[in-house]
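First the structure, in the form of structure tokens, and then the observations on it.
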Amino acid sequence: MSISLKFPDGAERSYEDGATPLAVAEGISKSLAKKVVAAKIDGAWWDLTRPLEGGGTFELVMRDSADGLEVLRHDAAHVLAQAVQELFPGTQVTFGPVTEDGFYYDFAREEPFSTDDFEKIEKRMKEIVDADLPIIRKVWEKEAAIAHFKSIGEIYKAETIDEVIKPGDPITIYSHGDKWGDLCRGPHLPSTGSLGKAFKLMKLAGAYWRGDQKNAQLQRIYGTAWADEKQLADYLTRLEEAEKRDHRKLGRQMDLFHMQEEGRGMVFWHPKGWTLWRTLESYIRRRLDAAGYVEVKTPQVLDRVFWEKSGHWDKYRENMFVCETVEEETLSLKPMNCPGHVQIFKVGQKSYRDLPLRMAECGACHRYEPSGSLHGLMRVRAFTQDDAHIFCREDQIEDEVAGFLQLVRLVHGDFGLVATHIDLGTRPEKRAGSDEFWDKAEAMMANAARKAGIEPRIAEGDGAFYAPKLDFIVKDAIGREWTCGTIQLDYVLPDRLGADYVGEDGAKHKPVMLHRAIFGSFERFIGIIIENYAGAFPMWLAPVQVVVATITQDADSYAKEVAAKMRAAGLRVELDLRNEKVGYKVREHSLAKVPAIAVVGRKEAEQGSVALRRLGGEAQTLMSLPEALAALTGEATPPDLRRAS
RNA sequence: GCCGCCAUAGCUCAGCUGGUAGAGCACCUGAUUUGUAAUCAGGGGGUCGGGGGUUCGAGUCCCUCUGGCGGCACCA
């Protein structure tokens, strides 16, 4: 008997039945075989040392490929688990998957681990690699496997197998020699030695068993693993570089904002940060005006009775900042703008001719977020949404959603942002409404997304309890994901708060509401763009657009004139007349990431010119003042006000 | 909120096993009038996050609170 393998290059060769992928690789070249970590047959993973059971399209997985790294990292997780169990007897293993840059393993142990243990654990991991234990795959019956794990005290493993594996289905256990074994789908390397030593334990964290707060808290050890030492070093360098873009760090360095103990999750905006905010606010206002929105402003604090009517008192109470007055009223700061907007909608009689009604507000909301979730500007307790609610008929939903999605892409594009994906949050377990309603609502959202040229990623169960939503997900410098831009369908609130309109038939109807935001919140969006630009904002966003810096005091009066003319042209200008060398001034303003420095000395004063230097370049361009004004004001024009050329 | 780590001058950080705080930058003063990423000299500044304890003696050890960081959970 022989089997036939079809290689990626199209070649087809026969092998003896039972040949292993490793033998196949060795048959091609010895050096190739050294770099192979697994194989795929007809797209399915196959261990290198597992005899092939049939022919098909055959692919060798190299250790530095994306697939190969996955195999390595999976092995690293197993080696970590073995090391931990050897060093800390009594520790139970639970679950240890691969992540984007590495792996983690969740352990159950009474005593806490400390990061001080990492050195010891890494050392043991390296010993296991040196021991080069063969990794053996064995197929087990489900019941036997459960009994086995129970007998060695691995309760979590037994539970996992019991719930995940269908009765009668076989499972595979991979073991390192006769020392250690774990339930695993595979594939794995032939032996622990092939893992190499380009791995590192990174951090320690608590994690709930099965991600549920009600369950026991496990201890998670995160690690990273790479094909070789160089890749590992590169990765660590990348992390360091990313940290430099952190908006919390840049916010302080660039004097944009600060936060302090007495106001956790609350931002003190400094003049430069607030300038950035105002620039964004006028920008988004123009975009919304152009998109047919009307703007409103609603109260910051409202009576408890109001929140009872809206349902927030019942459903959202623990996130609300509640206060009492001396006259014993109970009030709450608004956590959302929607109920307020419904009040405006309700004043007077609305007709179907008024729909869709797009009501916007830069609304400041306060939410008592869990302390552990606070994160710089990304997650705060007081934030301003670029919020709006679109009141419309059901048959207008799809167009409104599609139009909104296009608007988001236009806006994000102006900041060079590309969403990593758009999530369609579908029906959650606890929900209102029939399955028919959800089928229809989810289909409407998906269709609208496709109309806007977007194929959404399904975020199973992430919808609101009353309807599905679409979220624009953007990554920050450290790779964390944040929602910037969202649109959410709502049939409930208008009904609850008694909003209606008169239809063509003369009867009253309930409008549908679309909750939507483009930035998400000003705070988060500013955090994102700080990181995205690494603080080096384009001219139109930069808090200080130009610094006029003198070389000698002889040029002071001319420098003042230059700055005044620039200000008159609408530029944000600072004047640096300090008694310092130009080099010093250039360095300082470059570090402050000011996009342009206009240097003036005796020569410029005489000829009415400036020497313009751009951030990131060393070239200076000598030009007349009017030329400089034209160039700078052109660049400082917000993208929505630029003429299409 | 939960788990782990951390907290020294405005910022970045040093201070070994307990012996009454130090650097660079920033700030202030003076000199220097400077041609594109740091001119020189001098000076001021910290009850070492708060509270408690151990000790003859605590920045250093222990407890506790507060806050920060990294995850988990929750979410714009």
Side-chain angles (χ1 to χ4, degrees), chain A residues 99 104 106 112-118 202-222 243 246 248-249 252-253 255 258-262 264 318-319 335-337 363 365 367-381 383-387 462 464 469 471-474 478 480-486 488 515-525 527-528 549-556 578-592 597-604 611-613 615 617-620 622:
Chain A
T99 62
Y104 66 78
D106 285 349
F113 290 115
S114 153
T115 39
D116 295 341
D117 297 325
F118 281 9
M202 303 295 285
K203 50 201 179 191
L204 188 58
Y208 299 103
W209 169 236
R210 298 193 162 161
D212 191 334
Q213 207 168 0
K214 289 193 285 289
N215 292 339
Q217 189 157 41
L218 308 169
Q219 300 187 66
R220 176 172 299 179
I221 296 177
Y222 281 91
E243 273 170 34
D246 192 310
R248 293 164 297 186
K249 201 173 194 137
R252 187 168 49 238
Q253 281 168 3
D255 196 19
H258 87 268
M259 304 207 235
Q260 59 192 49
E261 275 194 32
E262 297 93 328
R264 298 188 67 188
E318 58 187 30
N319 285 291
M336 295 180 194
N337 304 302
C365 294
R367 296 182 190 170
Y368 190 82
E369 300 287 353
S371 56
S373 70
L374 300 179
H375 184 92
L377 293 178
M378 304 299 196
R379 187 85 180 269
V380 289
R381 286 179 173 160
F383 56 98
T384 302
Q385 294 177 308
D386 61 320
D387 204 4
D462 270 359
K469 61 175 181 174
D471 285 337
F472 280 75
I473 310 294
V474 176
I478 326 170
R480 265 183 290 238
E481 295 186 350
W482 302 98
T483 299
C484 279
T486 180
Q488 204 167 304
H515 307 248
R516 40 105 297 162
I518 300 174
F519 291 159
S521 73
F522 281 82
E523 286 80 359
R524 178 174 293 178
F525 196 72
I528 290 286
T550 50
I551 294 171
T552 73
Q553 280 177 348
D554 296 341
D556 281 5
R578 290 175 304 171
N579 176 8
E580 294 290 352
K581 291 183 158 184
V582 222
Y584 180 88
K585 296 185 182 183
V586 165
R587 175 182 153 82
E588 197 164 275
H589 300 123
S590 299
L591 287 174
I597 304 174
V599 175
V600 296
R602 238 173 250 141
K603 188 170 78 184
E604 288 77 9
L612 215 53
R613 180 193 168 109
L615 182 62
E618 281 177 22
Q620 319 143 32
L622 191 69

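Model, not experiment: these values are computed from the prediction. Heavy atoms only: backbone and side chains are in, while hydrogens, waters and symmetry mates are out. Convention: sequence-line order gives letters A, B, ...; per-chain numbering from 1.
Ion pairing of E588(A) with R578(A) is present here, as a side-chain N (NZ or NE/NH1/NH2) and a carboxylate O approach within less than 4.0 Å. Using a cutoff of 4.0 Å between basic side-chain nitrogens and carboxylate oxygens, R379(A) and E369(A) are scored as salt-bridged.
The aromatic ring centroids of F525(A) and F522(A) lie 6.0 Å or more from each other.
Two residues, E523(A) and D246(A), neighbour RNA chain B, and the one matched to the more 5' nucleotide by heavy-atom proximity is D246(A). Nearest-nucleotide positions on RNA chain B for P112(A) and R379(A) put P112(A) closer to the 5' end.
The distance from atom CG of L374(A) to atom P of rA73(B) is 17 Å, rounded to the nearest whole Å. Rounded to an integer number of Å, the gap from D387(A) CG to rC75(B) C1' is 15 Å. As rounded to whole Å, 14 Å separates atom C1' of rC13(B) from atom CD of Q253(A). Atom NE2 in H258(A) sits about 12 Å away from atom P in rG68(B), given to the nearest Å. For the pair E243(A) CD and rU12(B) P, the interatomic distance rounds to 13 Å; values are reported in whole Å.
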Dump every N/O contact between nucleotides 5-10 of chain B and the protein below 3.5 Å, one line per pair.
none

Please tabulate, one pair per line, each protein N/O and nucleotide N/O from nucleotides 35-39 of chain B that are separated by under 3.5 Å, including the distance.
| residue | atom | partner | partner atom | Å |
| --- | --- | --- | --- | --- |
| rG35(B) | O6 | R602(A) | N | 3.3 |
| rG35(B) | O6 | K603(A) | N | 3.2 |
| rG35(B) | N1 | E604(A) | OE1 | 3.0 |
| rG35(B) | N1 | E604(A) | OE2 | 3.4 |
| rG35(B) | N2 | E604(A) | OE1 | 3.2 |
| rG35(B) | N2 | E604(A) | OE2 | 2.3 |
| rU36(B) | O2' | R613(A) | NH1 | 2.4 |
| rU36(B) | O4 | Q620(A) | OE1 | 3.4 |
| rA37(B) | O4' | R587(A) | N | 3.4 |
| rA37(B) | N7 | R613(A) | NH2 | 3.2 |
| rA38(B) | N9 | R587(A) | NE | 3.4 |
| rA38(B) | N7 | R587(A) | NE | 3.2 |
| rA38(B) | N7 | R587(A) | NH1 | 3.2 |
| rA38(B) | N7 | R587(A) | NH2 | 3.1 |
| rA38(B) | N6 | R587(A) | NH2 | 2.4 |
| rA38(B) | N1 | R587(A) | NH2 | 3.3 |

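Minimum atom distance to the side chain of Y208(A) is reached by rC72(B), of the listed rC72(B), rG67(B), rG70(B). Relative to the side chain of H375(A), the nucleotides rA76(B), rG70(B), rA73(B) differ in distance, and rG70(B) lies closest. When each of rA73(B), rU33(B), rA76(B) is scored by its nearest atom to the side-chain atoms of P370(A), the top-ranked nucleotide is rA73(B). Candidate nucleotides rA73(B), rA76(B), rG4(B) were compared by shortest atom distance to the side chain of S521(A), and rA76(B) ranks first.
A205(A) comes within contact range of at least one nucleobase, with a heavy-atom separation under 4.0 Å. Backbone-only engagement by R264(A) is indicated by non-hydrogen atom pairs under 4.0 Å involving sugar-phosphate atoms exclusively. Using a 4.0 Å heavy-atom distance criterion, T483(A) is classed as a sugar-phosphate-only contact. Within the nucleic acid shown, K469(A) comes within 4.0 Å of sugar-phosphate atoms alone, with no base atom in reach, counting heavy atoms only. Backbone-only engagement by R248(A) is indicated by non-hydrogen atom pairs under 4.0 Å involving sugar-phosphate atoms exclusively. Within 4.0 Å (heavy atoms only), Q553(A) reaches at least one base atom of the nucleic acid. If you check every strand for non-hydrogen atoms under 4.0 Å, G211(A) touches sugar and phosphate atoms only.
An OP1 or OP2 oxygen of rG70(B) is reached within less than 4.0 angstrom by a side-chain nitrogen or oxygen of R480(A). The phosphate of rU12(B) (OP1 or OP2) has a side-chain N or O of R252(A) nearer than 4.0 angstrom. Between S373(A) and the phosphate of rC74(B), there is no side-chain N or O to OP1/OP2 separation shorter than 4.0 Å.
The base of rG4(B) does not come close enough to the side chain of Y222(A) for any donor and acceptor atom to sit less than 3.5 Å apart.
Base-pairing analysis of RNA chain B finds the following stems of at least three consecutive Watson-Crick or G-U pairs, with both pairing distances under 3.5 Å: B:1-7 with B:66-72, B:10-13 with B:22-25, B:27-31 with B:39-43, B:49-53 with B:61-65.
A donor-acceptor distance shorter than 3.5 angstrom exists from the side chain of D246(A) to the backbone of R248(A), with no hydrogens or angles considered.
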Does the pair R220(A) and Y222(A) meet the rule for a side chain to side chain donor-acceptor pair (under 3.5 Å), with working shown? CA-CA 6 Å; R220(A) 176 172 299 179; Y222(A) 281 91; 3.1 Å; yes

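Atom name C1', nucleotides rA26(B) and rC6(B): the rounded distance is 25 Å, in whole Å.
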